[in-house]
Every structure is written in C-alpha cells, then in structure tokens.
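Taking it in order: structure first as structure tokens, then the write-up.
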Amino acid sequence: GTHVSGIVGARGNNGIGITGVNWNTRVLPLKVGSASGLSSSAIAEALRYVSLMKERGVSIVATNNSYGSSSENPVAHKEIKNHLSEGILFVAAAGNSGDDLDSSGASQFPAAFPEENVISVANSTQGDQLASGSNYGLISVDIAAPGQEVYSTYNDGGYRFLTGTSMSSPMVAGAIALVASHDPELSPVEIKQRLLDTAERFDA
C-alpha cells in the first residue's frame, strides 16, 4: 500500500525520494488484508466506504485495486456497479500469471469485471514491451503502464524497487486524478476514453 501510494502521489520537486504521477492528490488508504492474505468481505466493506465518502461530498475520482483472484467476489462486484453510478472509476491490476485472459479458463478478478468504469492494467517494461509475467488480453485488458522495477516509497520509511501489475495500476489511477484535476467537467467514462485514446500503441 505504501509503495502504491507513492506511485500515485508522492510529492515531487523536493529533492527527496521519488515523484508520484500526481503530486497534489490525496490518497484514502483502506486496509483489506494482512500478511496472511486478503479478505473478500473487507474488500467489499472498503468499497462500500468509498461509496459512503462520495455520497458525503468527498471528491473521489477513482480507486486503485492492486490485488486479484481467480474467483469472483459477487459482493464487491455489486459495489463496483454502485461506483459506476456514483461516477468513480475502478482501476485494477490485470495480474501476474502471464495468462491471456481472453482464453478459456483464464480469469482475474476484479480486473475482468465488464462494467464500464473498470480499467484493467497490464505491466509494461522500460522498453515498452509487455512484461513476461503480466496477464494480457485484447478484450479483457484495457491498457498497459510501467510496472517493471518501479522505485517507490516503502513502509519501513525507505524506498524499494517492486515489479508487477500492482505497480502499473496506480500509474493509471494517478493519471486519472491528474486528468480530472485539469478538466473536472469530464465524466469518468470520458476520462477513461481519453486515457485509452491517447495511449501509445505498440505491437508488443
């Protein structure tokens, strides 16, 4: 979580550590697990809390979801649908199994949920190639973002390199916050479309 938050919004131009995608954003961290794993019920509760904060007037543009499972979480799915109606984009890591998510039997949730507000993110390398461990899929995955050896804040007070779609997803979430700050009249679907339309296309 600390690493992901740094990617989204670490303060820049201060001579310390790293620079996040959007320096002036605020991050709402919600704990959904422990060292032993994630809790499906806690994920659903966290998403409900996001909805509650939005209803209370907190300007929430997107959630970053750097986690995944081969099994659906129907309660969380319901909350993702609620986020769509509330104008919240749901950015999700595509997963790190090297699978074609369009193929039979392959799955990665919540990234595979079909709602219009879901953005599934693959991991690209510094050379703009698909990372070898990243899931992919022409239909199932929307976009790729840097996720290979990403340097960011860590919960021991220092900084570390980490790799995976969990690093790629907050790159996109930070970009969404940046676009929204510059053009607050855009709807979430319009922000998503702008990201997809302006992404560079590579055969890889």
Side-chain angles (χ1 to χ4, degrees), residues 1-10 17-18 20-21 25-54 58 60 62-83 88-101 105-115 117-123 131-137 140-141 144-174:
T2 305
H3 198 271
V4 164
S5 297
I7 294 169
V8 171
I18 62 149
V21 178
T25 193
R26 289 183 295 170
V27 175
L28 172 65
L30 298 171
K31 186 175 180 179
V32 296
S34 65
S36 61
L38 301 180
S39 162
S40 295
S41 60
I43 291 170
E45 285 299 319
L47 295 177
R48 281 196 200 99
Y49 185 75
V50 169
S51 296
L52 177 63
M53 291 298 100
K54 181 78 172 187
V58 178
I60 298 174
T63 62
N64 178 74
N65 303 272
S66 289
Y67 55 86
S69 170
S70 59
S71 301
E72 293 189 44
N73 180 342
V75 181
H77 191 189
K78 179 182 176 183
E79 293 306 317
I80 293 168
K81 292 177 181 178
N82 288 340
H83 284 194
I88 302 171
L89 289 168
F90 186 93
V91 187
N96 307 305
S97 303
D99 293 335
D100 180 354
L101 297 181
S107 61
Q108 174 75 9
F109 297 98
F113 285 131
E115 277 61 44
N117 59 328
V118 175
I119 303 176
S120 175
V121 187
N123 171 8
S132 60
S134 177
N135 289 344
Y136 59 96
S140 303
V141 179
Q148 194 80 6
E149 292 295 315
V150 176
Y151 193 61
S152 185
T153 48
Y154 206 70
N155 65 1
D156 60 4
Y159 301 86
R160 288 196 192 179
F161 289 98
L162 293 178
T163 292
T165 58
S166 286
M167 284 65 253
S168 307
S169 182
M171 291 276 185
V172 174

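Side-chain contact of N64 with S169: a donor-acceptor pair under 3.5 Å is present, judged by distance alone. Side-chain N/O atoms of N73 and S71 include no donor and acceptor closer than 3.5 Å. For the residue pair H83 and S51, a side-chain donor N or O sits within less than 3.5 Å of a side-chain acceptor on the partner.
A 4.5 Å side-chain heavy-atom check between S40 and E45 finds every atom pair outside the cut-off. Between I7 and V150 the shortest side-chain heavy-atom distance falls below 4.5 Å. Proximity of R160 to T153: side-chain heavy atoms (C-beta onward) are nowhere separated by under 4.5 Å.
Here M167 contributes atom CE and N123 contributes atom CG; the two are 9.5 Å apart, rounded to the nearest 0.5 Å. The CG atom of N82 sits 10.5 Å away from atom CD of E115, with the distance rounded to the nearest 0.5 Å. Rounded to the nearest 0.5 Å, atoms OG (S152) and CE (M171) are 8.0 Å apart. Separation of atoms CZ (F109) and CD (E72) is listed at 4.0 Å; rounding is to 0.5 Å.
Formation of a donor-acceptor pair under 3.5 Å by the N135 side chain with backbone atoms of L101 is not found in this model. With hydrogens and angles ignored, the 3.5 Å screen pairs a side-chain donor or acceptor of S107 with a backbone N or O of S70. Formation of a donor-acceptor pair under 3.5 Å by the T163 side chain with backbone atoms of Q148 is not found in this model. Judged purely by atom type and a 3.5 angstrom limit, S168 uses its side chain to pair as donor or acceptor with the backbone of A145. Using a distance-only test at 3.5 Å, with no hydrogens or angles considered, a donor-acceptor pair links the side chain of N65 to the main chain of V91.
Summarising the geometry of Y136 relative to G98, their closest heavy-atom pair is CE2-O, 3.7 Å, with the distance given to 0.1 Å. Considering every non-hydrogen atom in both S66 and S166, the closest pair reads OG-O, 2.9 Å.
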Pair Y67-I43, side-chain contact (heavy atoms from CB on, under 4.5 Å): steps then yes or no: CA-CA 10 Å; Y67 55 86; I43 291 170; 3.4 Å; yes
Might you work through the side-chain contact (heavy atoms from CB on, under 4.5 Å) test for F113 and K81, ending with a clear yes or no? CA-CA 10 Å; F113 285 131; K81 292 177 181 178; over 6 Å; no
D99 and Q108: CA distance, side-chain angles, deciding distance, side-chain contact (heavy atoms from CB on, under 4.5 Å) verdict: CA-CA 9 Å; D99 293 335; Q108 174 75 9; over 6 Å; no
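For the pairing with T63, the side chain to side chain contact (heavy atoms under 4.5 Å, CB included) check across L28, V50, L30, I80 returns one residue only, V50.
Residues Y159 and Y154 place their aromatic rings such that the two centres sit no closer than 6.0 Å.
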